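Have a look at the structure below, then the notes.
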Amino acid sequence: MSCVHYLQIEPTTRCNFTCGFCAGRHMPQEDLAWETFEAALDTMPDLAHVELQGEGESFLHARFFDMLQALKDRHIEVSFITNGSLITASKVDRLLDMDVAKISVSIESPDPAQFRAIRGGKLEKVRANLERLLARRAERGLERPVVGLSITVLKSTRDQIGDILDLYETLGLDGGISLQALQPMVGYAQHYDEGMVDQALDPAQAERITMAPFEDRDVRRILASRAPVDGFYEQLMAGWRPASKRCPYLDAGLYVHRNGVATPCCMIKDTERYGLGTVGQTPVADMVAARDTFRRQLASGEVPAPCSGCFIGEQAVKSHEQLLWIGMKGLARRWFGTTLARTG
């Protein structure tokens with residue numbers, strides 16, 4: 001039976017930003033109980049890395065730094081995603097003391113006005129916070145945390161990826177980037193209003209975003225220059241390949257919602273139908289056994305119902321012939337794009 005090596009914990013569903021694609025705004029606004037956090041660590045002794053992030057802004061949990069300290073004391077690697085607005089001057093040194101592996105900052109646009117329209121916050125404040133964090137990290141001679149960007153690509157911002165990469169390099173970030181299209185899974189999409197539905201990329205555009213780490217020269221350069229410190233997702237996804245009929249989360253991970261219910265991964269929001277049990281009440285062995293039913297289903301070539309719409313699940317069950325065809329299309333697109341650029 002598989003163990004739990006990678007655990008993602010949702011400290012809170014509360015957030016000080018108002019992103020229209022966020023599922024957390026439609027959930028009860030609650031914080032994870034400290035007792036549940038402790039129970040997760042106590043009952044999962046094989047943890048290698050914890051991601052402290054869910055649908056809310058983790059810094060809003062009153063005991064967020066206590067969580068970081070508890071993980072440090074147990075020698076468990078920790079990473080998290082944040083909107084960056086709460087990494088204030090008073091928190092920088094305390095944060096650097098926690099030996100966090102990686103911090104990813106969410107962004108959709110490098111334009112302050114558009115950033116505020118999308119996120120309800122100020123890019124100028126986020127930028128100043130990151131500059132302060134990186135400057136203080138350098139003053140203290142530290143290599144961690146590495147700091148990167150997590151980019152959700154909307155129809156209105158898909159032409160701004162290059163400008164976001166420029167911002168990444170201008171700030172001197174070193175944690176790499178992640179790119180994803182607007183999440184199509186029902187747990188998210190059911191909350192999109194008409195305006196947000198219009199922001200969804202069409203399948204061809206979404207494929208281009210997915211292929212950017214392989215096809216886009218500038219994206220590849222950013223990823224190649226990433227500092228040699230792996231965050232949660234780099235470790236979790238290491239070695240995964242399409243057509244493998246496996247998902248790293250189903251192999252060795254769990255997600256704990258702010259109410260203590262565990263699901264196979266962070267994108268499964270229906271805890272009533274797909275919950276594996278409650279931390280501190282359900283034996284972890286029972287949770288893992290329930291998770292493994294989905295793992296075996298994926299191994300048979302069928303995407304489990306809670307994973308419907310998930311990119312990893314859909315890619316995992318593709319045949320090698322399908323992947324070859326996708327690869328050929330990618331090569332053709334790159335070749336014709338280069339040809340047109342040379343002859344245009």
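If you're wondering where the values come from, they're calculated on a predicted model, not measured in any experiment. Residues: numbered from 1 along the sequence shown.
Inspection of the E77 and Y6 side chains reveals no N or O donor paired with an N or O acceptor under 3.5 Å. With no hydrogens or angles considered, a side-chain donor-acceptor pair links Q160 and Q114 at under 3.5 Å. Side-chain contact annotation: N83 with S106, donor-acceptor N/O pair under 3.5 Å absent. Side-chain contact, E57 with T82: a donor N or O sits under 3.5 Å from an acceptor N or O. A donor-acceptor pair shorter than 3.5 Å cannot be found between the side chains of T12 and E30.
Once rounded to the nearest 0.5 Å, the distance linking OG1 of T152 with CD of Q183 reads 9.0 Å.
Between Y255 and Y249, a ring centre-to-centre spacing not shorter than 6.0 Å is recorded. Residues F80 and F59 place their aromatic rings such that the two centres sit under 6.0 Å apart.
With a 6.0 Å cutoff to the six-membered ring centre and a 45° limit on the axis angle, R63 does not count as a cation-pi contact of F37.
Contact check on E169 versus R221 returns a salt bridge, with a Lys/Arg side-chain nitrogen under 4.0 Å from an Asp/Glu carboxylate oxygen. Under a 4.0 Å N-O distance rule, the pair R127/E131 qualifies as a salt bridge. Using a 4.0 Å cut-off between charged side-chain N and carboxylate O, R226 and D174 make no salt bridge.
Across every non-hydrogen atom of L60 and N16, the tightest pair is CD1-N, 3.8 Å.
Among R144, R140, R137, the one residue that satisfies the salt bridge (charged side-chain N to carboxylate O under 4.0 Å, His left out) test with D97 is R140.
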